[in-house]
Number of protein chains: 2
Amino acid sequence: MSETTIKNMEEFSAVSGISRPTVSKYFHDPDSVRQSTRQRIETALEKYDYRPNIFAMNQNRKLTKNVGIVVPLLADPYFAEIARNLEQRCIDAGYRPTLFSAHGDPNLEIEVLENLRALKPAGVLMAPLGRASHRAALEKFCDDVPTLIFDSSVDELGLAFVGSDNFQFTSHISDYLCRTGEPPCFFEMKTPANPNAHRRRQSYLNAMEAFGHEPQVISIDGEGWAFEEIGRLGGHEALSNKQFSTNTILCSNDRLAIGLLTACYEQGIKVGRGADCAIRVAGQDGHPHSRYTCPPLTTISHDYDAVSKHAADSLLAAIDGHVEPWKSTRIEGKLILRHSA
Amino acid sequence: MSETTIKNMEEFSAVSGISRPTVSKYFHDPDSVRQSTRQRIETALEKYDYRPNIFAMNQNRKLTKNVGIVVPLLADPYFAEIARNLEQRCIDAGYRPTLFSAHGDPNLEIEVLENLRALKPAGVLMAPLGRASHRAALEKFCDDVPTLIFDSSVDELGLAFVGSDNFQFTSHISDYLCRTGEPPCFFEMKTPANPNAHRRRQSYLNAMEAFGHEPQVISIDGEGWAFEEIGRLGGHEALSNKQFSTNTILCSNDRLAIGLLTACYEQGIKVGRGADCAIRVAGQDGHPHSRYTCPPLTTISHDYDAVSKHAADSLLAAIDGHVEPWKSTRIEGKLILRHSA
DNA sequence: CGGTTTTCTTTACGCGCGTAAATTTTATGT
DNA sequence: ACATAAAATTTACGCGCGTAAAGAAAACCG
């Protein structure tokens with residue numbers, strides 16, 4: 001490594017003895033230049049360690065290799081996990097992903113989209129906040145940038161939607177619960193941030209009707225994204241008031257279930273499927289943490305791999321010109337039996 | 001909002017009737033132009049909704065308002081939480097934070113730094129991976145960009161270090177445990193990714209010596225960042241082999257403790273400080289999830305606010321020219337008593 | 001009102017790189 | 001060795017904006 005520091009492609013082309021346009025071509029695709037010049041460039045590269053400025057590169061490019069990934073809340077390990085998964089797939093496909101979080105704030109969400117524009121992304125993978133999202137701003141963005149929506153559907157928006165089959169989720173786990181014990185009550189937030197919650201409630205109602213059981217929905221108060229605390233407080237209230245008509249509780253999502261488990265613990269109520277247990281609790285999502293609750297949480301898990309693969313593949317295909325009419329793909333979840341139910 | 005879409009500052013200056021350099025000045029600081037021209041610009045802004053391209057802005061600026069935030073692993077809610085905290089502080093101070101994660105991979109860590117360079121950040125807040133970080137690359141980066149290290153110290157690197165006082169953490173919680181029951185065993189990973197772990201072990205040894213107790217360190221196998229699973233598996237092994245000489249276990253961090261709690265549950269061992277409990281378990285970190293374990297985890301918590309405030313303030317002060325000699329600031333943790341110990 | 005200061009406008013160049021067109025050099029084939 | 005194709009070089013302009021300098025216009029002030 002030499003001392004003289006290279007600050008731009010001009011200088012690098014000088015020390016490598018290759019013209020700048022050719023160097024530029026090399027960085028765009030090393031195979032697009034003659035083998036001998038590639039060698040000369042790479043020799044100089046070892047000696048001088050120069051890297052093109054990524055933002056200047058994109059400035060005047062027709063098609064960039066940038067992909068934006070937007071999630072509603074990075075502090076939720078579920079989104080962190082799926083975002084990481086998507087990032088890796090983009091990298092493997094030769095793209096440059098950049099991750100953004102709306103941090104639960106719809107204003108930040110559109111702020112993020114505006115900044116994303118400047119990146120001139122070839123495409124965007126976006127999980128909207130849901131109910132709170134500014135619909136008009138989203139639409140405008142999707143008109144300009146190829147955007148695939150995942151996790152939380154906003155109908156007919158963007159290139160397509162890929163997510164989990166929430167109806168199947170709830171019907172499947174309801175089915176399991178009904179067959180193995182008392183029929184479940186449904187534990188949810190009154191005003192959920194995410195539209196998937198409504199599908200799950202409806203699916204629960206359907207399932208109960210199919211089984212000929214009386215459904216019972218407990219909708220608790222709470223705003224924001226602190227689901228565990230909302231579940232814990234709501235759980236305490238529901239337990240104290242004996243609102244659960246059976247010994248089985250199906251939660252709208254795992255984070256709520258985690259809070260409910262804590263409430264049960266705090267009231268000395270033993271959870272599980274053993275004879276000595278008072279109630280059964282199940283969640284939905286396959287949250288990364290659900291394995292480590294006590295008792296470990298029975299849940300129905302997103303197929304992280306399938307969702308992220310389908311989402312990434314669809315977007316990259318669209319970028320390559322294989323645009324198809326809008327469609328919604330919903331992937332089935334896998335029941336994960338653990339001790340809680 | 002008009003139909004004609006503005007794509008650059010040139011066009012916007014045309015429709016607003018103000019020259020481009022003045023418009024540029026306005027976006028740099030709205031107060032730097034005459035009130036009447038500010039009005040004209042803002043009127044046009046409402047009508048045409050234009051936003052300067054953030055990357056083109058930075059391209060030829062002497063001092064940008066960009067701040068990079070780099071954490072080792074966003075999937076860990078602890079880092080997600082502190083990153084969010086730092087982001088907010090930067091925004092409040094008028095800076096534009098951009099968040100990056102090394103995803104536990106030292107190669108990605110330097111990759112991130114290289115990309116960060118192109119952003120021409122005024123400063124960077126960085127939590128290094130620790131042991132695995134490529135020291136030389138970090139140093140080179142810190143030479144070029146004002147960088148404040150947080151969470152995990154790399155001695156004398158960057159502008160300064162801000163983090164928690166790990167010695168105080170462990171000595172404080174050890175003290176509590178010793179005074180309220182049997183002295184703790186120390187449960188840790190054999191080859192921890194983070195150097196803080198060594199300080200905690202040492203502090204435990206010191207504390208036990210001070211109390212006149214025989215220390216006992218259980219170092220379990222495991223590589224990577226899946227601490228809960230490592231703690232669970234290691235916990236099972238240690239419990240089965242009766243490696244814990246007392247009924248109290250202090251874990252090197254909360255995630256390990258969460259895994260250990262699961263292992264205890266799976267072996268039917270009741271955790272807590274009640275008379276009917278077999279062992280006590282405590283963690284360290286004040287992990288966002290520690291409130292919701294069963295039993296809720298007694299831990300010693302980072303002072304998230306103080307750490308992030310001190311880190312952000314120090315960096316921003318340095319950016320403003322108030323550079324001080326390198327120093328290390330370690331902030332005390334707060335004991336959080338819950339049911340597990 | 002003239003003089004002074006403040007603020008704009010004009011003009012021009014720079015950032016680091018993409019990209020197109022014309023030209024020259026190098027490789028390939030027979 | 002020659003024609004031909006392939007690849008590199010030169011030259012020039014563009015992206016969207018920062019920024020500096022000089023002059024014109026507007027505001028302030030006694």
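Because the structure is a prediction, the values reported are computed rather than measured. All chains are named by letter (A, B, ...) in the order of the sequence lines, taking the proteins before the strands, and each is independently numbered beginning at 1.
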Atom [atom1] of [X] and atom [atom2] of [N]: how far apart are they, to the nearest Å?
{"X": "B:I6", "N": "D:dG16", "atom1": "CD1", "atom2": "C1'", "value": "14 Å"}
{"X": "B:F55", "N": "C:dG16", "atom1": "CZ", "atom2": "C1'", "value": "15 Å"}
{"X": "B:N66", "N": "D:dG18", "atom1": "CG", "atom2": "P", "value": "12 Å"}
{"X": "B:R117", "N": "C:dG16", "atom1": "CZ", "atom2": "P", "value": "14 Å"}
{"X": "B:N53", "N": "C:dG16", "atom1": "CG", "atom2": "P", "value": "16 Å"}
{"X": "B:Q39", "N": "C:dT7", "atom1": "CD", "atom2": "P", "value": "16 Å"}
{"X": "A:M57", "N": "D:dG16", "atom1": "CE", "atom2": "C1'", "value": "17 Å"}
{"X": "B:N58", "N": "D:dC17", "atom1": "CG", "atom2": "C1'", "value": "10 Å"}

Subject >> Geometric class of the A:Y78/A:Y304 ring pair [parallel <30°, tilted 30-60°, perpendicular >60°] >> reply: perpendicular

Original post:
What pairs with B:D303 under side-chain hydrogen bond (donor to acceptor under 3.5 Å, both in side chains), at least two apart in sequence or on another chain?
Top reply: none

**OP:** List for me each residue that meets side-chain hydrogen bond (donor to acceptor under 3.5 Å, both in side chains) alongside B:R38, sequence neighbours excluded, and say none if there are none.
**Re:** B:D31, B:E42

**OP:** State whether A:S24 places a side-chain N or O below 4.0 Å from either non-bridging phosphate oxygen (OP1 or OP2) of C:dC17.
**Re:** no

**OP:** Ignoring backbone atoms, establish whether B:Y50 has a side-chain N or O less than 4.0 Å from OP1 or OP2 of D:dC17.
**Re:** yes

Original post:
For the ring pair B:Y26 and B:F12, is the centre-to-centre distance below 6.0 Å?
Top reply: no

Subject >> A:E156: partners by salt bridge (charged side-chain N to carboxylate O under 4.0 Å, His left out), with sequence neighbours left out >> reply: none

**OP:** Check salt bridge (charged side-chain N to carboxylate O under 4.0 Å, His left out) between B:R84 and all other residues, then give those that pass, not counting sequence neighbours.
**Re:** none

**OP:** Do nucleotides 7-15 of chain D as a string where each nucleotide becomes B, S or -: B if the base has a protein heavy atom under 4.0 Å, S if just the sugar-phosphate does, - if no protein is that close.
**Re:** SSBBBB-BB

Original post:
At under 4.0 Å between heavy atoms, what does A:F12 touch on the DNA or RNA strands: base, sugar-phosphate, or nothing?
Top reply: nothing

Which pairs would a plain distance check flag for residues 313-323 of chain B, meaning a side-chain donor or acceptor within less than 3.5 Å of a matching protein atom at least two apart in sequence or in another chain?
{"unit_1": "B:D313", "atom_1": "OD2", "unit_2": "B:K309", "atom_2": "NZ", "d": "2.8"}
{"unit_1": "B:S314", "atom_1": "OG", "unit_2": "B:H310", "atom_2": "O", "d": "2.7"}
{"unit_1": "B:S314", "atom_1": "OG", "unit_2": "B:H310", "atom_2": "ND1", "d": "3.2"}

